[in-house]
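Indexing begins at 1, ligand by ligand and atom by atom, following the structure's order.
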Amino acid sequence: MTIISRFAPSPTGELHLGHAYSAWLGRQRADIWHLRLEDIDTIRCKPAFSAAIQEDLSWLGLAWDGDIRIQSNHFPDYTAALETLQADDLLYPCFCTRAEIARAQSAPHAVEGVYPGTCRHLPPQDRKKRIESGQTYALRLDTTFASHKTGNLRFFDESLGWVTAEPQRLGDVVLARKDTPSSYHLCVVHDDALQGVTHVVRGDDLREVTHIQVLLQALLGYATPVYVHHKLLLDAAGKRLAKRDKSRTLRHLRQQGADPAALLRQFENI
Ligand code: GLU
């Protein structure tokens with residue numbers, strides 16, 4: 001079997017050692033390894049960071065295969081995927097502001113981080129009126145309805161074995177934002193399928209989102225890859241490395257004269 005994987009950073013800052021570990025692990029596992037820049041948030045993502053990512057990977061000696069996929073060049077692809085879901089009546093417009101969502105989430109029975117469903121059952125004429133009056137809206141997945149449609153789903157997580165997908169844990173996620181005609185979940189699922197990714201190698205912090213991404217794959221008729229969620233590297237205080245922590249960025253290490261081969265060798269013992 002040809003193992004196809006990808007490294008998919010968002011160019012919102014400089015890569016740190018944790019990214020290097022993720023990239024190294026993916027490169028090790030894969031026969032074909034793609035670089036994808038997840039830059040649909042055109043405000044937070046900067047071309048300078050995209051360039052730095054390529055420099056850092058080259059410095060580490062981690063060579064990607066084929067062309068770099070730059071998501072912001074492919075909005076029409078994501079719109080087409082969105083339209084497929086829309087045609088199946090799986091999406092609804094959400095007019096809520098952040099403040100309204102935060103207020104609803106503080107209600108006694110609300111589940112933290114899960115959209116409370118305020119706009120799910122708005123009457124059609126109400127939706128129409130709001131849209132015609134120019135109110136902005138996001139598009140959310142009706143996760144309960146979508147899950148009924150697909151029935152039970154599972155995925156293979158290399159550290160856990162077969163896992164039953166529980167997309168309800170994430171609720172009605174946003175698939176098109178008010179300010180961006182797409183979303184992380186939609187783009188990642190679309191591009192993994194397009195690039196024929198067989199193994200998604202990424203950090204443990206993204207384990208939870210797999211539950212919704214597996215549902216989207218089923219709805220869009222895409223295959224579900226194997227998931228490899230690896231440990232996150234921690235700093236001396238036991239906290240996850242962050243892009244804002246300059247001392248751990250690859251650029252800083254490079255400027256300090258670090259040896260990239262030695263740096264990668266230390267990952268072998270993780
Ligand atoms: N772009 C995401 C991030 O930088 C990673 C997406 C993924 O690996 O699925 O956190």
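The cationic group of R130 does not satisfy the cation-pi geometry with Y137, failing either the under 6.0 Å distance to the six-membered ring centre or the 45° limit from the ring axis.
For R207 and D204, the salt-bridge test passes: some basic side-chain N is under 4.0 Å from an acidic carboxylate O. One finds a salt bridge joining D65 and R27 here, because a Lys/Arg side-chain nitrogen approaches an Asp/Glu carboxylate oxygen to under 4.0 Å. Note on D191 versus R6: no salt bridge recorded, every NZ/NE/NH1/NH2 to OD/OE distance being 4.0 Å or above. Ion pairing between R254 and E14 fails under the 4.0 Å rule for side-chain N and carboxylate O.
The ligand atoms of ligand 1 that sit less than 4.0 angstrom from a heavy atom of E38 are 1 (N), 2 (C), 5 (C), 6 (C). Shown in contact with V188 at under 4.0 Å from a heavy atom are these atoms of ligand 1, numbered in order with element: 9 (O).
The closest approach between a heavy atom of Y184 and any atom of ligand 1 is below 4.0 Å.
Given atom 8 (O) of ligand 1, the protein heavy atom at minimum distance is R6 NH1, 2.7 Å. Protein heavy atom at the shortest distance from atom 9 (O) of ligand 1 is R202 NH1, 2.8 Å. The protein atom (non-hydrogen) at minimum distance from atom 5 (C) of ligand 1 is A8 O, 3.4 Å.
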Residue pair D235, R248: steps toward the salt bridge (Lys or Arg N to Asp or Glu O under 4.0 Å) verdict: CA-CA 9 Å; D235 64 14; R248 300 304 180 106; over 6 Å; no
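Residue Q213 places no N or O, backbone or side chain, under 3.5 Å from any N or O of ligand 1.
When the heavy-atom distances from atom 10 (O) of ligand 1 to V197, L206, T210 are ranked, the shortest goes to L206.
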